[in-house]
Undergrad: 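Let me give you the structure first, and then I'll get to my questions.
What's counted below: heavy atoms across the whole structure, side chains too, no hydrogens, waters or symmetry copies. Chain letters run A, B, ... following the sequence lines, proteins first and then strands; every chain starts at 1.
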Amino acid sequence: MSELKLFNTLKREKQVFIPIDPAHVRLYACGPTVYSYAHIGNARMAVVFDLLTRVLKTLYPKVTYVSNITDVDDKIIAAHQETGETIDIITRKYEAIYNEDMAALGAAEPDIQPRATEHIGEMIQLIGALIERGHAYEADGHVLFNVPSFENYGGLSARSRDEQVAGARVEVASYKKDPADFVLWKPSSDDEPGWESPWGRGRPGWHIECSAMAEKHLGLPFDIHGGGADLKFPHHENEIAQSCCAHGQEDLAAFAAVWVHNGFVTVEGEKMAKSAGNFLLVHDLIEKYPGPVLRLALLGAHYRQPLDWSDQVVHQAQKLYDKILRAWEELKDVDENQQKVILNDHNIMLALCDDLNVPEAFSKLNALLSSIFKKPEGLEDLRPSYKYSLIKSLELLGVEIEEVKEESNSEIAALLEERTAAKAEKNFTRADEIRDQILVLGYEIEDTSEGPIARKA
RNA sequence: GGCGCGGUGGCAGAGUGGCUAUGCAGCGGAUUGCAACUCCGUGUACACCGGUUCGACUCCGGUCCGUGCCUCCA
């Protein structure tokens, strides 16, 4: 069995992954706040953790992947005030769209997708425990986590207390005992969503939901906690503090053992921002490109590196996907069950086990594709193993085969026939005319040994 | 200002103390009526300056540049 290595942000090094319980691996990744369409950065997170889950599922008998839906948040309230739609409608709508969009990218729904609003009770309980243990206090209708009460605070993002105070750029609310203290519970006005609590009607702060949901659905400690790199501080730092303190734990790993963070997506070299007008929505992109192409593009760079989205990146992904489809066609009559063998040179699992080294995996995939196209004499009997390898590789990478779009309408079929006839008569002028005509219709001709086919350009 | 990450061939992007991925684009060739697809061939690139070493792109120190976080953020 392969050994999986992962870069653990908590230890700042690549480590061999050792499950807490090999019979059941548990991971959690911070999901989206559902107030608008998901952007390409959300998609990277979804794709990366989907990939990690696929790798884990091939290594371990049982894996539970939890990724939440944040459906209570001030941004949602703002969206409600802007559009007039009720909060419920907004959150359910964008939750559904998120799942559809991610599915188009081959990112399966998590095994459990808990909603924050359905865990208010657990959050209140957690906050109560924090107050009891002296880690949280009530002030001015709020409940705040007292950062100085947790000595190990800052261990994930490697920030000392002094640095945070020095770096504080935000105006500090007067009711805070310490500038770094953060909100666990805040009061809601009558027109804001709220729940009854021992501290009055209010709603949770941002961080507490993940602590509550991870604990409820996975138990503590669990194996892997993930999210975008920007969540390291303060979100994940605060999650750790809350969860450890609520249970009287000093060790930061008492919440989650391994922390995995994916890098950011930039667009044409710039950070995505609504103000810059370069906010790429998955919803729009899947109209323009096949989902698997977008997935391949998102996987183009190692997950911890920044990924700069550009036409080039998409073009390369498109070429790769094209080759995959062609290879698939090439092997359509081969029975992969004859020979279930994966050569080392083609074994992308080995690459993925090294901290999800997708570029290395792509390299192996390309080697496999070349082998398939080469069809060397005397090696025909390897074809079942090539096909088997291809199937396994694509499964692991989460790349789905969309059947080649051949001439589906009679118009193109007729044109192809006419072209074949023209070629037979050596009327190449006419044949080329027809090719151009078909191109205008959005198809490219490919002459194969079994006659011409038209594939979507 | 603090903390972190990175600078690899035209572009994207891995990796390694000596054998120098992979892809895209380009060029030459095969195939093709011409193309497309595919195949073959073709590029010694690792920011800069020191140091360690028989040997460094890879280790150490410094310089320059870029970038992320420190505030909501995937």
Undergrad: Rounding to an integer number of Å, can you tell me how far A/Phe373 CZ sits from B/C39 C1'?
TA: 11 Å
Undergrad: Determine whether a donor-acceptor pair (N or O, by modelled atom type, separation under 3.5 Å) exists between the side chain of A/Thr9 and the backbone of A/Arg12.
TA: no
Undergrad: Could you check how far CG of A/Asp432 sits from C1' of B/A35, rounded to whole Å?
TA: 7 Å
Undergrad: Could you tell me the separation between the CG atom of A/Leu156 and the C1' atom of B/C3, rounded to a whole number of Å?
TA: 13 Å
Undergrad: Should we count CD of A/Glu417 as having more than 12 external heavy atoms under 6.0 Å?
TA: no
Undergrad: NA contact type, A/Gly41, heavy-atom cut-off 4.0 Å: base, sugar-phosphate, or nothing?
TA: base
Undergrad: Check whether any side-chain heavy atom of A/Val334 sits under 4.5 Å from a side-chain heavy atom of A/Pro384, and report yes or no.
TA: yes
Undergrad: Reckon A/Lys423 has a side-chain N or O less than 4.0 Å from the OP1 or OP2 of B/C34?
TA: no
Undergrad: Per the atom types in the model, does the base of B/A74 pair as donor or acceptor with the side chain of A/Arg44 at under 3.5 Å?
TA: no
Undergrad: Give A/Val265 one of three labels, base, sugar-phosphate or nothing, depending on what nucleic acid heavy atoms sit under 4.0 Å from its own.
TA: base
Undergrad: May I ask you to evaluate whether A/Lys374 reaches the phosphate of B/C40, defined as a side-chain N or O under 4.0 Å from OP1 or OP2?
TA: yes
Undergrad: Find the distance A/Asn347:CG to B/U22:P and express it as a whole number of Å.
TA: 18 Å
Undergrad: Remember a base hit wins even if backbone is also touched, and classify A/Asn366 as base, sugar-phosphate or nothing at under 4.0 Å, heavy atoms.
TA: sugar-phosphate
Undergrad: Can a cation-pi geometry be assigned to A/Lys387 and A/Trp328, taking NZ or CZ under 6.0 Å from the six-membered ring centre and within 45° of the ring axis?
TA: yes
Undergrad: Under 5.5 Å between ring centres and under 30° between planes: does that hold for A/Phe362 against the base of B/G23?
TA: no
Undergrad: Assign a letter to each nucleotide of nucleotides 4-19 of chain B from its 5' end: B, base within under 4.0 Å of a protein heavy atom; S, sugar-phosphate only; -, no contact.
TA: --------SSSS----
